[in-house]
Amino acid sequence: MADSNTDPQSRPGASEALRWLADMGADEMIGDSTVNRYSEAQSAPAGPAAATLSDRAAPLPPNVPPSVRPAVAAAPALLAPAQGAQDAREAAGSAATLDELRDRLEAFEGCALKFTATNTVFCDGHADAEVMFIGEAPGVEEDRQGKPFVGASGQLLDRMLAAIGLSRQGHGPEGAYISNVLFWRPPGNRSPTTAEIAACLPFIQRHIELAQPKVLVYLGGTSAKAMLDTQTGIMRLRGKWSDFSTPGLAHPIPALATFHPAYLLRTPGQKRESWTDFLSIKKKLIEFTK
Ligand code: URA
């Protein structure tokens, strides 16, 4: 007979509650009794400085939903930040096609975010689109569906695209190809760390080299700062064109920074500036057809 404490049927809502906690950013289990981490550290065996997530986590309770359990339990040793970025450069640089890049990303273990995420979020739209949008990181809905910008901010983005004749279903001059600087959702939608961005950046740079859009758009401050390698905020960066160039690109790609749709949902008064930016994107795309 099933133990009434562990039988999931006898605890309706437990899985949902656990998923909710994971979605809110709870990425570590704690026990009922306190643990002295200082004495733990002193008695820890000598070894690599970086702990593993599975080392740090207390045993998982029974009946943890599969979407949470394997991600946490299967985390391998975390790499030192510089090593993560170095491995990313090698893995991304060895991809000759977008399919290969996706495979390399799926196999990559140098970014800790991967182990708390449900899905790797690679792209949406067609890679032959003339314009590529780069957001920040997947949110809860994107993590669930494995696609970028499918939540509330994605719906606003779709309306903004439609207003200048673009859509993710479109190809070439009518298409919008979409990705993010980060391919995994930061727990609780917290801001990504410098190390997490550094471990993902080679993949988005290679993504651009392989997709070869005519125009790039950085959505929001995190994306713009990471792609432009600057500390300048989005208020100063938005509306300004710059060139994205790498040794792997034959020509620089014009890139525009603009507000993130999530910011526009919170601050609708800024939609006027965004509209100016979207008209500027349209104008740039038309210049290429002349
Ligand atoms: N915000 C982003 O920056 N990217 C997404 O994919 C979703 C929300």
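Worth saying up front: this structure is predicted, and the values here are computed from it rather than measured. Whatever order the structure lists them in is the order used to number ligands and atoms, beginning at 1.
- Taking a 4.0 Å cut-off on heavy atoms, Ala262 fails to register as neighbouring ligand 1.
- With sequence neighbours excluded, the residues that form a side-chain hydrogen bond (donor to acceptor under 3.5 Å, both in side chains) with Glu209 are Arg206, Thr246.
- Of all heavy-atom pairs between Asp277 and Gly239, the closest is OD1-CA, 3.3 Å.
- Using a 4.0 Å cut-off between heavy atoms, Ser153 contacts ligand 1 through its side chain alone, with no backbone atom that close.
- Residue Gly139 places no N or O, backbone or side chain, under 3.5 Å from any N or O of ligand 1.
- Close approach of ligand 1 to Gly135 is summarised as follows: ligand atoms under 4.0 Å from at least one heavy atom of the residue are 3 (O).
- Contacts with ligand 1 closer than 4.0 Å are made by side-chain heavy atoms of Glu142 only, the backbone lying farther away.
- Ring pair His126/His171 is parallel by interplanar angle, where below 30° counts as parallel and above 60° as perpendicular.
- Residue Ala137 has at least one N or O atom closer than 3.5 Å to an N or O atom of ligand 1.
- Within the structure, side-chain hydrogen bond (donor to acceptor under 3.5 Å, both in side chains) contacts touching residues 148-161 (residues at least two apart or in different chains) are Asp158-Arg168.
- Scanning all heavy atoms of the two residues, the minimum distance from Ala226 to Leu201 falls at O-CD2, 3.9 Å.
- In plain terms, the two heavy atoms of Arg102 and Cys123 that are nearest each other are NH2-SG, 3.6 Å.
- With hydrogens left out, the protein atom closest to atom 4 (N) of ligand 1 is Asn180 OD1, 2.9 Å, a heavy atom.
- The distance criterion of under 3.5 Å between nitrogen or oxygen atoms is met by His260 with respect to ligand 1.
- For Glu136, a nitrogen or oxygen atom sits less than 3.5 Å from a nitrogen or oxygen atom of ligand 1, counting backbone and side chain alike.
- A ring-centre distance under 6.0 Å is found for Phe108 and Phe203.
- The atoms of ligand 1 that sit less than 4.0 Å from any heavy atom of Pro148 are 6 (O).
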